[in-house]
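Each residue takes its place number in the sequence, starting with 1. FYI, side chains are in, hydrogens and waters are out, and symmetry mates aren't considered; it's all heavy atoms of this structure.
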Amino acid sequence: LILLAAAPCTAMVFVWSRLSGGDPMMLSDRRIEYILQRLRAIPNVEIIRLGSRITSHLPERITPEFCEMVQKYHPIYMNTHFNHPSELTPASVAALDRLSRAGVSLGCQTVLLKGVNDDPKVMMKLMHELLKARVRPYYIYMADQVAGGEHFRTTVQKGLEIIQALRGWTSGLAVPQFVIDAPGGGGKVPLLPEYVEEITDDEVIFRNYEGKRFSYKQPKVAVPEGAPAIAASAEGVVPIEAGKAAKKGRTARRRKSASG
């Protein structure tokens, strides 16, 4: 908090508990409010985001009292964590509804897990159920390289396959970013299927979600009126004229061609 108060720039604060792997929603309302009060007292803190699995693991923790308290410190965001449609139980959906009605903006971070959600149909169902509960799909993570979790890891190709199965086949709202959390603190790196086939100065060739190829013309560089002609660099090369001079030249050539 001292460092944030001294920082000259604006900041987004991600609130978590001090213990690694902890959850801030396991703290009491009184302690959470104390943290929110201290953060809101810092002028350059604009956005506060809570990261919590509580809506899927203990939805009863989202009490009316908590929702009433948190409204005093907006804007507040919460990133939830759902990995399978079955986790969106009636109790979880009710907790998410209470948070939404309290003005908390909700997102979801999902981890790609082998045998759990590494199937395009399962993932699409999860994304749709999240949106129905007013939760915006935010990230699909590749699983971290941690001891004891190797059996849950999938290939990167599988994640790209899932994103390709979502993009264009459902609403863009249901398509999260697919990312790898770079080892060693390198940050989140987004990964996308290859849609662009070629880029030149004149056009971009790309394909859509159905595999159809399209061409998008690059913008032409505007030449100001009255710009001087660009001299030819070699014999036999016609100088490039610009603006009115170019127009007059074209008109003269047409007349000469017509008379000849």
Are the side chains of Arg53 and Phe82 in contact, using a 4.5 Å heavy-atom criterion? no
Write down the atom of Ala102, the atom of Gln71, and the distance for their closest heavy-atom approach. O-CG, 3.1 Å
When rounded to the nearest 0.5 Å, the distance separating CE of Met123 from CG of Leu112 is 5.0 Å
If only side-chain N and O atoms count, and only distance matters, is there a donor-acceptor pair under 3.5 Å linking Tyr34 with Arg30? no
Backbone N/O of Glu65 and side chain of Glu68: donor-acceptor pair under 3.5 Å: no
Around atom CZ of Arg167, are there more than 12 heavy atoms of other residues, nucleotides or ligands at under 6.0 Å? no
Can you tell me how far OG of Ser52 sits from CE of Met26, rounded to the nearest 0.5 angstrom? 9.0 Å
Set out, in order, the CA-CA distance, both residues' side-chain angles and the distance that settles side-chain hydrogen bond (donor to acceptor under 3.5 Å, both in side chains) for Asp202 and Gln218, then state yes or no. CA-CA 5 Å; Asp202 298 320; Gln218 298 272 39; over 6 Å; no
Note, Glu198 side chain near Phe206 side chain (heavy atom, < 4.5 Å): no
Contact between Met127 and Pro176 at the side-chain level, heavy atoms closer than 4.5 Å - yes or no? yes
Would you call Trp169 and Gln164 a side-chain contact if the rule is heavy atoms closer than 4.5 Å? no
Would you indicate whether the side-chain heavy atoms of Met78 and Leu99 approach each other to under 4.5 Å? yes
Give a yes or no on whether the backbone of Lys121 and the side-chain of Asp119 come within a donor-acceptor separation of less than 3.5 Å. yes
CG-CG distance between Asp23 and Leu58, expressed to the nearest 0.5 angstrom: 9.5 Å
Common cluster, Val111/Val116, ILVMFWY with side-chain heavy-atom separation under 4.5 Å: yes
Is there a path of hydrophobic side-chain contacts, each under 4.5 Å between heavy atoms of I/L/V/M/F/W/Y residues, joining Tyr139 to Leu126? no
The side chain to side chain contact (heavy atoms under 4.5 Å, CB included) partner of Leu96 among Val104, Leu130, Leu88, Ile62 is Leu88
Heavy-atom count check: over 12 atoms from other residues, nucleotides or ligands less than 6.0 Å from Gln145 CD? no
Supply the atom-to-atom distance Lys114 NZ to Thr155 OG1, rounded to the nearest 0.5 angstrom. 9.0 Å
Other residues, nucleotides and ligands only: do more than 12 of their heavy atoms fall within 6.0 Å of CZ on Arg40? yes
Does Asp97 form a salt bridge (Lys or Arg N to Asp or Glu O under 4.0 Å) with Arg134? I'd like the steps, not just the answer. CA-CA 8 Å; Asp97 181 66; Arg134 289 183 283 180; 2.3 Å; yes
Does any non-hydrogen side-chain atom of Thr55 lie less than 4.5 Å from one of His81? no
Might you confirm whether atom CE of Met124 has over 12 heavy atoms from other residues, nucleotides or ligands at distances under 6.0 Å? yes
Within the 4.5 Å heavy-atom criterion, are Cys108 and Pro137 side-chain neighbours or not? no
What pair of heavy atoms forms the shortest contact from Leu27 to Arg61, and how long is it? O-NH2, 2.9 Å
Ignoring hydrogens, what is the shortest heavy-atom contact between Pro59 and Ala91? Give both atom names and the distance. CB-O, 3.5 Å
Nearest heavy-atom contact between Leu50 and Ile76 is CD1-CG2, 4.3 Å
Between CD1 of Ile205 and OG1 of Thr200, what distance do you get to the nearest 0.5 Å? 7.0 Å
Taking it one step at a time, do Tyr73 and Gln37 satisfy side chain to side chain contact (heavy atoms under 4.5 Å, CB included)? CA-CA 8 Å; Tyr73 304 101; Gln37 281 179 338; 3.1 Å; yes
Work out which heavy atom in Ala133 is nearest to a heavy atom in Ser100; give both atom names and the distance. O-OG, 4.3 Å
More than 12 foreign heavy atoms under 6.0 Å from CD of Glu203: is that the case here? yes
Could you walk me through whether Arg213 and Glu197 pass side chain to side chain contact (heavy atoms under 4.5 Å, CB included), step by step? CA-CA 9 Å; Arg213 297 175 78 246; Glu197 295 184 355; 2.7 Å; yes
Verify the neighbour count for atom CZ of Arg207: are there more than 12 heavy atoms of other residues, nucleotides or ligands below 6.0 Å? yes
Could you go through Val156 and Met142, starting from their C-alpha distance and side-chain angles, then the distance that decides it, and tell me whether this counts as side chain to side chain contact (heavy atoms under 4.5 Å, CB included)? CA-CA 7 Å; Val156 173; Met142 280 299 295; 4.0 Å; yes
CD1 of Ile54 to CZ of Phe66, rounded to nearest 0.5 Å, is 10.0 Å
Taking every heavy atom of Ile47 against every heavy atom of Pro75, the minimum-distance pair comes out as CD1-CG, 3.7 Å
Between Thr110 and Asn83, does a side-chain hydrogen bond (donor to acceptor under 3.5 Å, both in side chains) hold up when you go through it step by step? CA-CA 5 Å; Thr110 296; Asn83 291 326; 4.7 Å; no
Are Tyr138 and Tyr141 in one and the same hydrophobic cluster, where Ile, Leu, Val, Met, Phe, Trp and Tyr link if side-chain heavy atoms are under 4.5 Å apart? yes
Side-chain contact, heavy-atom cut-off 4.5 Å: Asp118 with Lys158? yes
Honestly curious: do Ile180 and Ile162 fall in one hydrophobic cluster under the side-chain, below-4.5 Å linking rule? yes
Determine whether Asp29 and Thr63 satisfy the following criterion, side chain to side chain contact (heavy atoms under 4.5 Å, CB included), listing intermediate values before the conclusion. CA-CA 10 Å; Asp29 286 358; Thr63 62; 4.0 Å; yes
Does one hydrophobic cluster hold both Tyr195 and Val189, with members joined at side-chain heavy-atom distances below 4.5 Å? no
